[in-house]
Colleague: 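Got a structure for you, written out below as structure tokens; questions coming shortly.
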Protein chains: 2
Amino acid sequence: MTTTGPHGAAPRRRRGRPGYDQAAILRTAVELFNRKGYDATSMGDLARELGLTKPAIYHHVTSKEQLLGQALDDALDELTAVVTEAAEERAGRTAYERLREVVRHSVEVLVAHQPSVTLLLRVRGNSGVELEALDRRRRLDERLAALVADAAAEGALRADLPPPLVSRLLFGMVNSLVEWYRADGTYDPATVADAIATIAFDGLRPRGDQAS
Amino acid sequence: MTTTGPHGAAPRRRRGRPGYDQAAILRTAVELFNRKGYDATSMGDLARELGLTKPAIYHHVTSKEQLLGQALDDALDELTAVVTEAAEERAGRTAYERLREVVRHSVEVLVAHQPSVTLLLRVRGNSGVELEALDRRRRLDERLAALVADAAAEGALRADLPPPLVSRLLFGMVNSLVEWYRADGTYDPATVADAIATIAFDGLRPRGDQAS
DNA sequence: CCTACCGATCGGTAGG
DNA sequence: CCTACCGATCGGTAGG
């Protein structure tokens with residue numbers, strides 16, 4: 001990213017507009033991809049939003065698909081780290097405790113990386129980049145399902161619900177965050193993480209218990 | 001679906017190819033829209049899938065957007081019916097009981113109308129049809145939030161969670177169904193509805209007593 | 001970083 | 001003269 005760069009074509013002298021770097025273009029692109037959908041967003045839309053011409057974008061970026069791939073990698077790297085961390089904490093912690101931690105850390109990642117995670121959760125598999133992302137995501141979901149199964153095997157989860165179904169619904173609730181969460185101060189991430197854990201593990205009904 | 005139909009233009013004599021009716025084209029279109037995304041699906045794709053030429057489709061359908069609009073209306077009509085039904089049951093039923101019924105009926109609608117509901121949940125607002133659907137959906141979400149607030153005011157839900165947040169998360173879990181549910185016999189709708197209600201209201205941790 | 005374009009494909013419609 | 005379509009192409013725009 002300094003002097004010459006790998007292409008020999010890196011800008012040595014600055015001329016004209018101050019210019020954007022790749023990261024700034026990526027941020028704007030991901031924001032547009034989420035607002036309109038990836039396919040409905042044209043490189044012309046992105047150029048207008050940036051105040052550049054369409055060809056100018058290709059000075060910083062090789063393709064529209066590359067922008068998508070970088071966002072998906074960001075989301076997947078972060079989510080993978082959450083799951084891997086929990087797996088490495090095996091010593092001295094129950095699966096239930098690790099599952100609760102995964103839920104909490106997942107919420108933190110969803111909030112901190114909401115744009116790229118939102119994009120990930122909407123991928124349909126229309127290209128090589130998308131199919132690769134779907135595959136990585138599927139492997140993540142399998143590791144989460146295994147963690148839920150371990151917690152159930154410990155007896156920490158009620159036995160009358162199939163663990164794979166529980167995993168789907170629990171992380172379905174977590175993932176639904178990206179559809180409505182706004183970092184506008186209404187709820188901070190810890191409040192949301194607590195609410196999800198409370199609903200999922202303890203239930204909405206007041207404790208002390210009664211039946212309908 | 002019988003003899004003449006409401007338009008007076010029902011086919012009295014068949015000639016040429018057997019032909020598709022509007023409903024069959026809509027079904028195929030919605031399936032494609034969900035598989036590839038609305039914008040990534042061309043009318044040419046739809047024509048190929050149906051074994052027709054592209055102009056032939058326009059014999060039955062006025063535009064691509066009309067197909068989208070019909071699917072979104074189907075989903076919204078069904079979901080509105082669920083919420084309205086619950087509101088009309090006010091007499092003699094608590095808000096908590098009605099909320100549980102809404103969850104159950106929502107799952108049934110999501111399963112029975114999965115293609116159109118899936119489409120609805122992915123709408124971005126890129127056209128007039130989409131903006132209208134988003135608006136109807138927002139009004140539905142408000143009615144659901146009001147029902148959750150009523151249940152909380154009754155004391156049926158724990159007081160330490162903000163009802164608007166509970167509503168988001170509860171129906172986020174319900175809606176996540178469309179991302180993975182397959183009517184392949186793995187889980188029947190009643191099992192899924194029970195699992196969601198159990199997780200949300202009673203929690204995943206084993207209870208001293210469980211009645212439902 | 002722009003002007004000027006390309007191969008292809010888009011949603012939709014012409015005449016027959 | 002109708003229905004159910006076809007081959008071809010419209011004006012614009014996509015990513016590059």
Side-chain angles (χ1 to χ4, degrees), chain A residues 5 7-22 24-26 28-30 32-33 35-71 124 126-130, chain B residues 3-5 7-26 28-30 32-33 35-71 119 124 126-130:
Chain A
H7 309 104
R12 280 176 294 183
R13 300 173 292 174
R14 289 276 179 161
R15 280 191 305 192
R17 304 287 184 78
Y20 293 91
D21 60 353
Q22 222 267 1
I25 290 177
L26 179 58
T28 303
V30 171
L32 275 179
F33 292 165
R35 198 162 71 208
K36 306 182 53 160
Y38 174 75
D39 291 294
T41 302
S42 71
M43 291 302 267
D45 294 334
L46 178 56
R48 194 182 328 112
E49 189 80 13
L50 290 165
L52 297 178
T53 60
K54 202 166 49 160
I57 292 177
Y58 286 94
H59 179 72
H60 301 283
V61 161
T62 65
S63 73
K64 185 185 176 187
E65 200 171 358
Q66 181 209 24
L67 287 168
L68 177 62
Q70 285 181 338
R124 307 305 312 150
N126 288 335
S127 65
V129 162
E130 294 194 4
Chain B
T3 51
T4 48
H7 308 104
R12 282 176 292 182
R13 300 171 294 174
R14 290 274 177 160
R15 275 194 306 195
R17 304 287 186 80
Y20 292 91
D21 60 355
Q22 222 267 5
I25 290 176
L26 179 59
T28 304
V30 171
L32 274 180
F33 292 165
R35 198 162 72 208
K36 306 181 53 160
Y38 175 74
D39 291 293
T41 302
S42 72
M43 292 301 268
D45 293 335
L46 178 57
R48 195 182 326 113
E49 189 81 13
L50 290 166
L52 296 177
T53 60
K54 204 167 50 159
I57 292 177
Y58 286 93
H59 179 73
H60 302 283
V61 161
T62 66
S63 72
K64 186 185 175 187
E65 199 170 359
Q66 180 209 26
L67 288 167
L68 177 62
Q70 285 181 338
L119 215 47
R124 308 304 313 150
N126 288 335
S127 65
V129 163
E130 295 194 4

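For the numbers below, each heavy atom of this structure counts, side chains included, while hydrogens, waters and symmetry mates do not. Small disclaimer: the values here were computed from a predicted structure and weren't measured. Lettering follows sequence order; numbering is per chain, from 1.
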Colleague: Can you tell me how far the OG1 atom of Thr41(A) sits from the CG atom of Leu46(A), to the nearest 0.5 Å?
Modeller: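 Between atom OG1 of Thr41(A) and atom CG of Leu46(A) there are 8.5 Å.
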Colleague: Determine the interatomic distance between P on dG12(C) and the same-named atom on dA8(D); round to the nearest Å.
Modeller: 22 Å
Colleague: Expected output is a numbered-order residue list: members of residues 35-44 of chain A with a heavy atom under 4.0 Å from any atom of DNA chain D. What is it?
Modeller: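 Heavy-atom contacts with DNA chain D come from Thr41(A), Ser42(A), Met43(A).
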Colleague: What integer distance in Å separates Asp45(A):CG from dT13(D):C1'?
Modeller: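 Result: 11 Å.
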Colleague: Kindly list each side-chain donor-acceptor pair under 3.5 angstrom involving residues 48-57 of chain B, sequence neighbours excluded, with atom names and distances?
Modeller:
| from | atom 1 | to | atom 2 | distance (Å) |
| --- | --- | --- | --- | --- |
| Arg48(B) | NH2 | Asp45(B) | OD1 | 3.1 |
| Thr53(B) | OG1 | Ala56(B) | N | 3.4 |

Colleague: Output the rounded distance in Å from CG (Leu50(B)) to C1' (dC5(D)).
Modeller: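 Whole-Å distance recorded here is 14 Å.
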Colleague: Using atom P in both nucleotides, what's the gap between dG16(D) and dA4(C) to the nearest angstrom?
Modeller: 22 Å
Colleague: So how far is it from Ile25(B) CD1 to Tyr58(B) OH, rounded to the nearest 0.5 Å?
Modeller: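 Ile25(B) CD1 to Tyr58(B) OH: 11.0 Å, rounded to 0.5 Å.
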Colleague: So what stems show up for DNA chain D if we need 3 or more Watson-Crick or G-U pairs in a row, all under 3.5 Å?
Modeller: none
Colleague: Working to the nearest 0.5 Å, report the span between NZ of Lys64(B) and CG of Asp39(B).
Modeller: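 Atom-to-atom, Lys64(B):NZ and Asp39(B):CG are 5.5 Å apart.
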Colleague: Begin with the C-alpha distance, continue with both residues' side-chain angles, and end with the deciding distance and a verdict on side-chain contact (heavy atoms from CB on, under 4.5 Å) for Val61(A) and Gln22(A).
Modeller: CA-CA 7 Å; Val61(A) 161; Gln22(A) 222 267 1; 4.0 Å; yes
Colleague: As an exercise, state the distance from CG of Leu119(B) to CD of Gln70(B), rounded to the nearest 0.5 Å.
Modeller: 12.0 Å
Colleague: Which nucleotide in the list dT3(C), dA4(D), dC6(D) gets nearest to the side chain of His59(B)?
Modeller: dA4(D)
Colleague: Within the sub-3.5 Å range, which N or O atoms of nucleotides 8-12 of chain D have a protein N or O partner, and how far apart are they?
Modeller:
none

Colleague: Does the side chain of His60(B) get closer than 4.0 angstrom to OP1 or OP2 of dC5(D) through an N or O atom?
Modeller: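 Yes, such a contact exists.
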Colleague: Using whole Å, report how far NZ of Lys64(A) lies from P of dG16(D).
Modeller: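 Value for this atom pair: 8 Å.
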Colleague: For dC1(C), does either OP1 or OP2 sit under 4.0 Å from a side-chain N or O belonging to Thr53(A)?
Modeller: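 Indeed not, no polar side-chain atom of Thr53(A) lies that close.
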Colleague: Not counting sequence neighbours, which residues clear side-chain contact (heavy atoms from CB on, under 4.5 Å) with Glu130(A)? List them please.
Modeller: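 Here the qualifying residues are Tyr38(A), Leu68(A), Val123(A), Arg124(A), Asn126(A), Ser127(A).
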